[in-house]
Amino acid sequence: MKKIRHPLTLKSLFGFCLVAVFLTAFQSNANANEALRPAISDLSKKVAKLLKGRGEEQIAIGAFTGPSFAVASSGPGISRMLADELKQHGVDVNRKAKLEIKGDYRSITERSTGLLELRIKSQILDRFGETLLELNSRIEDPNVLAQVLGLNKPDLGQGVSHAKASQTIHAIIEDPKVDVHGSVIKTVSSSPYAMEILTKQPSGEFRPQGISISDSLPFVDIKRGEVFAVRLINNSNHDAAVELTLDGLSAFAFTNGPKYRHFIVRKNASLIVKGWHRTNNTSDEFLITRYAESAAAEQLVSPDLIGTITAAFSAAWDSKGDPPADERSKFRSAFDDAVGRGKKVATPFREVNLTLGRTRDIISVRYKKP
């Protein structure tokens, strides 16, 4: 893989940072929606216990598929996170293992409360396809549900109850809506947050790619062999922390060194993310490729027909400063717990530590895999 670097002086780095190229530090693996990690960690403990009881040390990870109504593709991220957690518990992930774990994820309504939850249902199978153990993991956070299912969810406001959030997300599932103007995607027209997909031209220039609507879902047409970038737009009066995932994989899934979780987009500014973060100086281009060559294929999972690019926006501010006026929810520290990889490109970043507020907008766009 050809490596491209450009000379970087302190002056040019500073100038680049003025247009909002920052990262929030994160001290764990940043492979998928990190709010899933406690549930996935608990799942891995149960799997490790079963394997120990059977005298096994290896397991294969099959596909984790989403519901057809959501056309979701977060399986690669779930599989990658599960593999990491299994390794933490002394389990080797190997395609040739005698046992396999696979499953699905979907929204369910909890009978006792009537509230929506994300359920990850896992099965451990032997080589004959017999189910040895079935495990259910549930996550109550409605924002996690929206991210994993690739929904377009607007900011529900401060202090919204779980019941109200659940009701709103149920309505989004039943009747999805999104605001599209040319190449710019928003959850609603009044939102200050937006996302845009850019494709790389032969000249090296990145141009906005038009968005179409199919079955009430936004789609972008990116062809095999095309390199693309994601523009994250923050027209609010405060900085924004953005968690960017592609097919459930964090844009930081292949980082060498310290792990991160968010890109910081300064207020009334935008940021173009050109690829998978590798170091604070280089990234691997986002590239549409055959599934066998894609980043998702590296995670030991099977392909979905549709891919999803999702950006989750939160307000961010210096811990010594004041939060936005409409931010009264419990604050989050940045330290809380088939797109392929193309050529390396110079993408200078620097690390900052900020306080994060609630998840505001979640924006998703889909693409058809070649």
query: Taking the side chain as C-beta and beyond, is there a heavy-atom pair between Val178 and Thr187 under 4.5 Å?
result: no
message: Suppose the criterion is ring pair (Phe, Tyr, Trp, His ring centres under 6.0 Å): which pairs have a residue in residues 183-216, not counting sequence neighbours?
response: Tyr193-Phe313
message: With rounding to the nearest 0.5 angstrom, report the OG to NZ distance, Ser41 to Lys46.
response: 11.0 Å
- prompt: With a 4.5 Å limit on heavy-atom distance, are the side chains of Phe64 and Asp104 in contact?
  reply: no
ILVMFWY network linking Ile362 to Val144, side-chain heavy atoms under 4.5 angstrom: no
query: How far apart are the C-alpha atoms of Glu226 and Arg224, what are their side-chain angles, what is the distance that settles it, and do they pass the salt bridge (charged side-chain N to carboxylate O under 4.0 Å, His left out) test?
result: CA-CA 6 Å; Glu226 282 193 309; Arg224 181 184 295 183; over 6 Å; no
Residues that Ala194 engages under side chain to side chain contact (heavy atoms under 4.5 Å, CB included), provided they are two or more places apart: Val184, Lys186, Ile233
query: Between Asp92 and Gln58, do the side chains contain an N or O donor and an N or O acceptor separated by less than 3.5 Å?
result: yes
- prompt: Who are the side chain to side chain donor-acceptor pair (under 3.5 Å) partners of Arg119, not counting sequence neighbours?
  reply: none
task: Drop me the distance from Phe219's CZ to Thr308's OG1, to the nearest 0.5 angstrom.
output: 8.0 Å
task: State which residues pass salt bridge (charged side-chain N to carboxylate O under 4.0 Å, His left out) with Lys52; sequence neighbours excluded, sorted by chain then number.
output: none
task: Give, for atom CG of Leu99 and atom CG of Asp126, the distance between the pair rounded to the nearest 0.5 Å.
output: 7.0 Å
Residues in salt bridge (charged side-chain N to carboxylate O under 4.0 Å, His left out) contact with Asp141, at least two apart in sequence or another chain: none
field: Gap between atom CD1 of Ile185 and atom CD1 of Ile211 - 0.5 Å precision
entry: 4.0 Å
- prompt: Are a donor atom and an acceptor atom from the side chains of Thr245 and Ser250 found within less than 3.5 Å of each other?
  reply: no
query: Quick one: side chain to side chain contact (heavy atoms under 4.5 Å, CB included) partners of Ser112, sequence neighbours excluded?
result: Glu110
query: Who are the side chain to side chain contact (heavy atoms under 4.5 Å, CB included) partners of Arg111, not counting sequence neighbours?
result: none
message: Check whether Thr279 reaches the backbone of Thr282 with its side chain - one donor and one acceptor, N or O, closer than 3.5 Å.
response: yes
task: Using the rule that two of Ile, Leu, Val, Met, Phe, Trp, Tyr join whenever any of their side-chain heavy atoms come within less than 4.5 Å, decide whether Val188 and Ile213 are in one cluster.
output: no
message: Taking the six-membered ring for Trp, are Phe254 and His277 closer than 6.0 Å centroid to centroid?
response: no
- request: Please assess Lys267 against Asp239 for the test salt bridge (charged side-chain N to carboxylate O under 4.0 Å, His left out), listing each intermediate value before the final yes or no.
  value: CA-CA 4 Å; Lys267 62 182 180 181; Asp239 294 344; over 6 Å; no
message: I'd like to check Ile264 versus Leu354 (side-chain heavy atoms, cut-off strictly below 4.5 Å). Are they in contact?
response: yes
message: Tell me every residue that passes salt bridge (charged side-chain N to carboxylate O under 4.0 Å, His left out) with Glu117, counting only those two or more places apart in sequence or in another chain.
response: Arg138
In a table with atom names and distances, give each donor-acceptor pair under 3.5 Å that connects a side chain of residues 166-176 to protein atoms at least two apart or in another chain.
unit_1	atom_1	unit_2	atom_2	d
Ser166	OG	Leu116	N	2.7
Thr168	OG1	Lys164	O	3.0
Asp175	OD2	Lys177	NZ	2.3

query: Can Lys200 and Glu285 be counted as an ion pair, charged N to O under 4.0 angstrom?
result: yes
- prompt: Does the side chain of Gln147 come within less than 4.5 Å of Glu243's, by heavy atoms?
  reply: yes
Sequence neighbours excluded - ring pair (Phe, Tyr, Trp, His ring centres under 6.0 Å) pairs with any residue from residues 119-169: none
statement: The reported gap from CG in Asp284 to CH2 in Trp276 (rounded to nearest 0.5 angstrom) is 10.0 Å
field: Any residue meeting salt bridge (charged side-chain N to carboxylate O under 4.0 Å, His left out) with Asp155, in chain and number order, not counting sequence neighbours
entry: Arg358, Arg360
task: Give the other cluster members for Leu156, using side-chain heavy-atom distances under 4.5 Å between Ile, Leu, Val, Met, Phe, Trp and Tyr residues; answer none if it is isolated.
output: Val160
